[in-house]
Amino acid sequence: MVREQELRRKEAERLNENRRRAALVASSAVSDALLDTVNQSVVEIFNNQRALDVEAKQLHAQTSRMVKQTAQWVAAVEKFNLALKELGDVDTWARTIENDMRSIASTLEYVHSDAGSQAQAR
């Protein structure tokens, strides 16, 4: 009977050891599967971050180019406005000269006609 008990105990120990090994293998498999899932997510996040960094650099470069181009446009518009202002100044100057010349011409005509009238009167 002691011997039977000893055999049952050894059989139970063997079964427990087999179950323990199976549990370790199963837990290891579950752990590996969970790590693979987490690692895939980490790799995906890392790749997304890299892509975002590349896009951010491209956006920064494009923004810098647009700022330079906008500054060039502003300078061109300022030059154009200055040219228009100068044209307006020239136009005003030309009108003033024209009016002065008309005034001088009419004064000369008046003087000339007045001198001719006085010469006839004599």
Side-chain angles (χ1 to χ4, degrees):
M1 191 174 255
V2 172
R3 193 171 169 121
E4 262 180 48
Q5 183 64 25
E6 185 67 26
L7 284 175
R8 276 190 240 144
R9 186 182 62 77
K10 283 187 179 183
E11 183 63 24
E13 282 179 4
R14 189 182 56 80
L15 285 174
N16 283 339
E17 183 62 26
N18 287 342
R19 288 177 185 156
R20 187 182 66 78
R21 284 188 196 138
L24 281 174
V25 168
S27 67
S28 178
V30 167
S31 177
D32 288 345
L34 288 174
L35 281 175
D36 287 345
T37 301
V38 170
N39 284 340
Q40 283 177 337
S41 298
V42 169
V43 167
E44 184 177 343
I45 289 170
F46 179 74
N47 288 335
N48 288 343
Q49 181 64 40
R50 243 191 318 180
L52 286 173
D53 288 343
V54 167
E55 288 181 25
K57 287 178 184 176
Q58 289 173 348
L59 183 60
H60 180 67
Q62 288 173 351
T63 302
S64 295
R65 283 193 302 270
M66 290 183 79
V67 165
K68 288 177 185 175
Q69 187 176 24
T70 302
Q72 290 173 347
W73 288 348
V74 166
V77 168
E78 287 175 357
K79 285 181 182 177
F80 181 71
N81 283 338
L82 182 62
L84 283 178
K85 184 178 178 183
E86 288 173 357
L87 261 164
D89 291 345
V90 168
D91 186 48
T92 302
W93 174 80
R95 285 184 190 163
T96 303
I97 295 294
E98 184 180 1
N99 288 337
D100 288 348
M101 296 304 282
R102 281 188 186 151
S103 176
I104 291 171
S106 68
T107 302
L108 287 174
E109 283 177 18
Y110 177 73
V111 168
H112 183 12
S113 69
D114 190 38
S117 309
Q118 286 180 0
Q120 282 181 356
R122 284 190 205 172

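We number each residue from 1, following the sequence as shown.
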### Task
Starting at CD1 of Ile45, measure out to CG of Leu52 and round the result to the nearest 0.5 Å.
11.5 Å
### Task
Please assess Lys79 against Leu82 for the test side chain to side chain contact (heavy atoms under 4.5 Å, CB included), listing each intermediate value before the final yes or no.
CA-CA 5 Å; Lys79 285 181 182 177; Leu82 182 62; 5.7 Å; no
### Query
Asn99 versus Arg102: any side-chain heavy-atom pair under 4.5 Å?
yes
### Message
Between the side chains of Glu13 and Lys10, is the shortest nitrogen-to-carboxylate-oxygen separation below 4.0 Å, so that they form an ion pair?
### Response
no
#### Entry: Check: Thr107 side chain, Ser103 main-chain N or O, donor-acceptor pair, under 3.5 Å
yes
### Query
So which heavy atom on Leu24 is nearest to which on Ser27, and how close?
O-OG, 3.0 Å
### Task
Can you measure from CG (Asp91) to CG (Leu84) and round to the nearest 0.5 angstrom?
12.0 Å
#### Entry: Rounded distance [0.5 Å steps], CE in Met66 versus CH2 in Trp73
7.0 Å
### Task
Kindly determine whether Gln40 and Asp36 satisfy side-chain hydrogen bond (donor to acceptor under 3.5 Å, both in side chains), including the steps that lead there.
CA-CA 6 Å; Gln40 283 177 337; Asp36 287 345; over 6 Å; no
### Message
Please report the interatomic distance OG1(Thr63) to CD(Gln58), rounded to the nearest 0.5 Å.
### Response
11.5 Å
### Summary
Rounded to the nearest 0.5 Å, the CG atom of Leu34 sits from the CG atom of Asn39 at a distance of 11.0 Å
### Query
Could you give the distance from CG (Leu15) to CZ (Arg8), rounded to the nearest 0.5 Å?
13.5 Å
### Message
One pair to check against salt bridge (Lys or Arg N to Asp or Glu O under 4.0 Å): Asp89 and Lys85. What are the steps and the verdict?
### Response
CA-CA 6 Å; Asp89 291 345; Lys85 184 178 178 183; 5.7 Å; no
### Val42, Asn48, Asn47 screened by side chain to side chain contact (heavy atoms under 4.5 Å, CB included) with Glu44, the one that passes
Asn48
### Query
Are Met101 and Trp93 in one and the same hydrophobic cluster, where Ile, Leu, Val, Met, Phe, Trp and Tyr link if side-chain heavy atoms are under 4.5 Å apart?
yes
### Query
Between Lys57 and Asp53, is there a salt bridge with N-O shorter than 4.0 Å?
no
### Task
Answer yes or no: are there more than 12 heavy-atom neighbours, outside Arg9 itself, under 6.0 Å from its atom CZ?
yes
### Query
Can we say Arg20 and Glu17 salt-bridge, meaning some charged N sits less than 4.0 Å from an Asp/Glu carboxylate O?
yes
